[in-house]
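Before any comments, here is the structure.
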Amino acid sequence: MTSTFASGNPDGFDYTRSGNPNFRLVEEAVAALEGTRHATCFASGVSAITAVLSTLSSGDLVLAEENVYGCTYRMIDKVFAKFGMRVKYLDLSQPSNWEQIRICRPALVWLESPTNPLLKVIDIFGISRVAAEQGIPVVVDNTFASPYLQRPVSLGATLSLASTTKYINGHSDCLGGIVATNDPAWRDKMIFAQKALGLQPSPFDAWLTTRGQRTLALRMERHCANALELARWLESRSGVRMVRYPFLPSHPQYELARRQMSGGSGIVIAELDCPAETALDFCRKLKYFTLAESLGGVESLICHPPTMTHASVPAEVRRQVGIGDGLIRFSVGIEDVRDLVEDVDSTLRGVLG
Ligand SMILES: *Cc1c(COP(=O)(O)O)cnc(C)c1O
């Protein structure tokens with residue numbers, strides 16, 4: 001816990017904005033998990049996104065998956081667009097759209113897999129191969145899978161970015177972000193952004209994240225098992241219009257998910273057959289799922305994307321990408337799954353009859 005270091009110290013630290021022993025610990029741990037040579041930590045996932053976007057110049061085009069995280073969308077459209085960045089959103093789950101990488105020659109391809117909140121699974125290997133032929137870098141937001149279940153850089157991506165606030169820390173007690181890569185030029189750009197834009201975490205938060213990631217494997221195994229069981233149960237329940245989970249055979253990209261991830265992770269979405277107010281009422285009445293933004297912690301959370309995480313996405317865009325009014329997102333925690341299913345069952349009976 002220090003802001004500055006005595007000049008000439010053997011580890012070469014000078015000032016905490018550009019490095020700290022606690023940053024190094026979390027960076028080494030996440031680089032090992034991602035299977036990369038380098039990782040750079042940031043104050044939050046949004047800081048990590050800022051760092052990557054800040055490497056671009058006015059006039060540069062970002063080709064992005066249309067179902068990106070709400071804050072990524074807002075950052076590009078409301079902040080970087082003012083400085084002349086251009087963006088084109090596409091449904092990258094459709095291989096026919098990959099041709100646009102060759103045609104538009106963007107400065108960066110931005111993916112997320114599985115996506116928030118629709119859990120679309122995007123082919124990281126396939127897209128990275130097309131982009132690599134053109135020398136175009138690909139960044140994958142790996143927050144939902146975590147490096148325990150998916151390693152984007154070994155699938156060909158240039159950068160794997162995560163909000164460590166979610167699964168990597170896992171205890172909902174601090175924010176953080178990280179960008180992992182094998183490319184030393186990108187590592188240098190990330191360190192530059194950390195320092196020049198003031199995107200560094202606090203040493204204590206970096207330490208908490210290192211503490212959290214030590215149980216990532218155990219937590220992820222339980223998140224995956226609980227989520228799969230809840231998803232299967234929801235599929236059998238009337239009043240539930242749609243259930244999506246990457247490791248359910250009914251998922252549109254089930255085969256791809258099985259190839260690129262070693263587990264389905266802890267997020268399940270369902271669309272209730274009811275108006276937005278009833279869906280929100282259901283979320284409020286659950287006992288073990290707290291109505292809250294965020295995900296990936298040991299405690300189960302529930303959210304109603306149309307009125308919460310995706311409220312900043314214009315309504316017509318929401319509808320276009322498939323975020324219906326009855327859509328709910330479960331972040332399934334590591335509690336006893338019987339309690340979770342019983343809670344969902346009795347609350348559904350209460351609101352839907
Ligand atoms: C939460 C989240 C972020 C942003 O991370 P913060 O730590 O909240 O700034 C980015 N991408 C995804 C997919 C997320 O879930």
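Counting starts at 1 for both ligands and their atoms, in listed order. Predicted model only: the values in this text are computed from it and were never measured. Worth knowing before you read on, the calculation uses all heavy atoms, side chains too, and leaves out hydrogens, waters and symmetry mates. The first residue of the sequence shown is numbered 1, and numbering continues consecutively from there.
Not counting sequence neighbours, the partners of Ala31 by the side-chain contact (heavy atoms from CB on, under 4.5 Å) test are Thr36, Ala39.
Counting heavy atoms from C-beta outward, Val243 and Ser250 have side chains that stay 4.5 Å or more apart.
Classification of the Phe204-Trp207 ring pair by plane angle, with boundaries at 30° and 60°, yields parallel.
Taking CZ from Arg105 and CG from Leu61, the interatomic distance works out to 11.5 Å, rounded to the nearest 0.5 Å. Taking CD from Glu221 and NE2 from His223, the interatomic distance works out to 11.0 Å, rounded to the nearest 0.5 Å. Atoms CD1 and CG, from Ile124 and Leu155 in turn, are 5.5 Å apart once rounded to the nearest 0.5 Å.
A distance limit of 4.0 angstrom between heavy atoms and ligand 1 selects the residues Ser44, Gly45, Val46, Ile49, Tyr69, Glu112, Asp141, Thr143, Phe144, Ser163, Thr165, Lys166, Gly176, Leu295.
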